Amino acid sequence: MAGVDFDEEELRRAMEMSMGNDEGLSVSENPGGSREPGNINQEKAEQMFNIARVEKFKEEEELFEQFGRNKPNKSKIEGSNTKQNIVELSGLPWSAKDDEIKEFLKDCNVVKILIILNEYKKSSGNAKVWVSSKEDLKKALQCHKKHLGTRYINVKIVEQEETNRSTPSDPDAFTVKLSGLPWSATEQEICEFLFGCEVSEGSAGVNIEMNEGGKPSGSALVQLKTKADLESALKYNKQVLGGRYVDVETMSKDGEAKEDKQSTNSPSQAKENTSSNASFKEEKFCIKLSNLSRKDTTADISSFLSGGHVKNVLEIVLAVNEKGKPGYAFAKIGGEEDLKVCLRLNAKAMGNREVEVTQAKLEQFEEAKQGKFFVKLTELSRKVTREDISKFLSDGNVKQVGEVVITLNDKGKVSGNAFVKIGGEDDQKVALSLDKTAMGNRRIGVCQAAVQEFEDAKKHQAG
């Protein structure tokens, strides 16, 4: 019974005194603050304290089971619910991968790892790890202050604060907006993406937004149960679902998505930012990007610019050169400061290519928007028909599928490639997102094509 009723602070003080140096000094009292034995002992004391805390809840659970009582709501560790068995790792090397974290926690049964990313899609050095049981929690805590590579890692239990578990009076208080979703994403897949977050009414709490054509727009609203769930969901910002980076943002009372860092602005600052952004849009600064891969999408270009600290990317248009060759794009950006930042990205790597970034005129941007749009499909079955290709693109939400040209190889047989004329820039974006999507039992390649490639293909097309 004593194990259940111990006072945590008294236990901590007792451990620090018993593990301290000969003079009984704590670390803060140790002159110089160097890593003397007393300092090391405090780390051991903290480790022992964490282990004792796990043992306390285990013992408490056994007692309540023995006397047939309900388990107390204040329990921070619920062995029957994997999603409550969470540790947080901090101080990780930025290059650390899931496999390395699993190896670091090799004695634990790891259920899921979430490496938390910063706004530039880079590792923040922190991670959340779900483990199977309280016993695994205990083993994970024993890894506190151990090394991964050249860095020692902090390991602690993620607290489930009682104040954060309450249900809000406003049903929309804990709602997040997900943007950049694959068009094929289902409500259940979105719930699984937000692992560890309790969605109100399960998949019924996910509202996938539709576009004017009645097709998924790539955005969804998710209603969560508690503040803790909302905070957990925000840590999935910039994580990947179905090959796409997903943005996760909180919702303001007027239903607009907002970033956490903006919530600290004063009303005057918010007004200033709004005015500033409006003036940016009026200036209409543009850039041209060259030497792109024909597989690069507007999302890839947006990530490249945002990762280079460009704040306001207003619109991106894929383009071809005077000879109809792809590998070019134009972007409309927010203002003179963003233009300077963009120009500093000249010759920076995007994938395995050095991208050329130059200033462009608004007229060039508008001309690119009016251009003709084509895609090339590869890895097709030799038995594929034009109707099969049209259906593949239409089912993938391409609204206007034009002429389809299936090409022949040098021997006069179907080559497995095809060129398709499509309705416009939006349809081209959708078509490019279908790259590596299954058509029958094959993964089809989809990339941008040039006008001249399409015209040449018409001269050697199948009957």
Side-chain angles (χ1 to χ4, degrees), residues 118-122 180 238 240 243-245 247 277 280-378 419 421-422 424-436 445-456:
N118 60 25
E119 59 183 310
Y120 306 116
K121 304 182 186 131
K122 305 295 184 182
K238 306 299 183 185
V240 175
R244 296 176 68 95
Y245 287 103
D247 293 319
N277 288 339
F280 283 166
K281 292 181 182 179
E282 290 170 5
E283 292 291 347
K284 297 176 182 175
F285 291 88
C286 299
I287 57 168
K288 179 181 179 181
L289 296 91
S290 309
N291 198 37
L292 298 168
S293 165
R294 65 165 60 203
K295 291 189 176 182
D296 285 334
T297 65
T298 53
D300 297 325
I301 296 167
S302 179
S303 296
F304 171 71
L305 295 174
S306 298
H309 305 286
V310 180
K311 295 179 180 177
N312 295 278
V313 181
L314 304 179
E315 190 175 1
I316 297 172
V317 176
L318 297 174
V320 295
N321 65 10
E322 295 77 6
K323 297 181 180 180
K325 295 292 184 182
Y328 299 84
F330 290 87
K332 190 187 292 185
I333 53 177
E336 187 175 359
E337 287 303 316
D338 275 335
L339 177 63
K340 293 177 182 177
V341 175
C342 286
L343 296 178
R344 286 200 292 268
L345 296 176
N346 183 47
K348 297 291 184 183
M350 180 176 169
N352 58 357
R353 290 170 174 258
E354 284 190 359
V355 177
E356 181 182 347
V357 183
T358 57
Q359 188 172 3
K361 295 180 180 179
L362 180 60
E363 291 77 10
Q364 291 175 290
F365 177 87
E366 295 298 338
E367 285 176 7
K369 286 187 70 174
Q370 302 303 318
K372 295 180 179 179
F373 297 90
F374 301 88
V375 291
K376 179 181 179 181
L377 280 67
T378 60
F419 293 84
K421 183 178 181 180
I422 52 179
E425 183 192 359
D426 289 340
D427 275 339
Q428 188 178 57
K429 292 178 187 177
V430 176
L432 292 174
S433 73
L434 298 175
D435 183 46
K436 305 303 180 186
V446 184
C447 60
Q448 189 181 359
V451 179
Q452 193 58 51
E453 287 181 295
F454 181 82
E455 295 300 329
D456 290 344

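For clarity, every value in this text was computed on a predicted model and none was experimentally measured.
Applying side chain to side chain contact (heavy atoms under 4.5 Å, CB included) to Gln448 and the options Gln428, Lys376, Lys295 leaves one that passes, Gln428.
In terms of heavy-atom proximity, Ser433 sits nearest to Arg244 at CB-NH1, 3.7 Å. When all heavy atoms of Val446 and Ala431 are compared, the closest pair comes out as CG1-O, 3.2 Å. Smallest separation of non-hydrogen atoms from Phe419 and Ala449: CD2-CB, 3.8 Å. Scanning all heavy atoms of the two residues, the minimum distance from Ala329 to Ile301 falls at CB-CD1, 3.6 Å. Between Asp338 and His309, the shortest heavy-atom contact is OD1-O, 4.5 Å.
Counting only heavy atoms from C-beta outward, the side chains of Asp435 and Cys447 never approach each other to under 4.5 Å. The shortest side-chain heavy-atom distance between Lys332 and Phe285 does not fall under the 4.5 Å cut-off. Between Leu318 and Leu432 there is a side-chain heavy-atom pair separated by less than 4.5 Å. Two residues are said to be in side-chain contact when any heavy atoms from C-beta on lie closer than 4.5 Å; Leu305 and Ile287 meet this criterion. Between Val355 and Lys348, every side-chain heavy-atom pair lies at or beyond the 4.5 Å cut-off. Side-chain contact check for Val310 versus Leu345: some heavy-atom pair is nearer than 4.5 Å. Side-chain contact check for Tyr328 versus Leu289: every heavy-atom pair is 4.5 Å or farther apart.
The CZ atom of Arg353 lies 11.5 Å from the OG atom of Ser290; values are rounded to the nearest 0.5 Å. If you take OG on Ser303 and CG on Asp296, they are separated by 10.5 Å, rounding to the nearest 0.5 Å. From Ser293, atom OG reaches atom CG of Asn352 across 7.5 Å, with rounding to the nearest 0.5 Å. Taken to the nearest 0.5 Å, the CG atom of Leu292 stands 5.5 Å off from the CE atom of Met350. From Cys342, atom SG reaches atom CZ of Phe304 across 8.5 Å, with rounding to the nearest 0.5 Å.
No donor-acceptor pair closer than 3.5 Å links the side chain of Ser302 to the backbone N or O of Thr298. Under a 3.5 Å cut-off, the side chain of Asn312 and the backbone N or O of Ile333 do not form any donor-acceptor pair.
Asp300 and Thr297 are linked by a side-chain donor-acceptor pair at a separation below 3.5 angstrom, with hydrogens and angles left out of the test.
Enclosure of atom NZ in Lys311 is not indicated, since only 12 or fewer non-hydrogen atoms of other residues, nucleotides or ligands lie within 6.0 angstrom.
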If you apply the rule ring-ring contact (aromatic ring centres under 6.0 Å, His included), what do you find for Phe374 with Phe454, and how did you get there? CA-CA 7 Å; Phe374 301 88; Phe454 181 82; 4.6 Å; yes
What's the verdict on salt bridge (Lys or Arg N to Asp or Glu O under 4.0 Å) for Glu453 and Arg294, showing C-alpha distance, side-chain angles and the deciding distance? CA-CA 13 Å; Glu453 287 181 295; Arg294 65 165 60 203; 3.0 Å; yes
Evaluate side-chain contact (heavy atoms from CB on, under 4.5 Å) for Glu315 paired with Phe330, printing each intermediate quantity in order. CA-CA 8 Å; Glu315 190 175 1; Phe330 290 87; over 6 Å; no
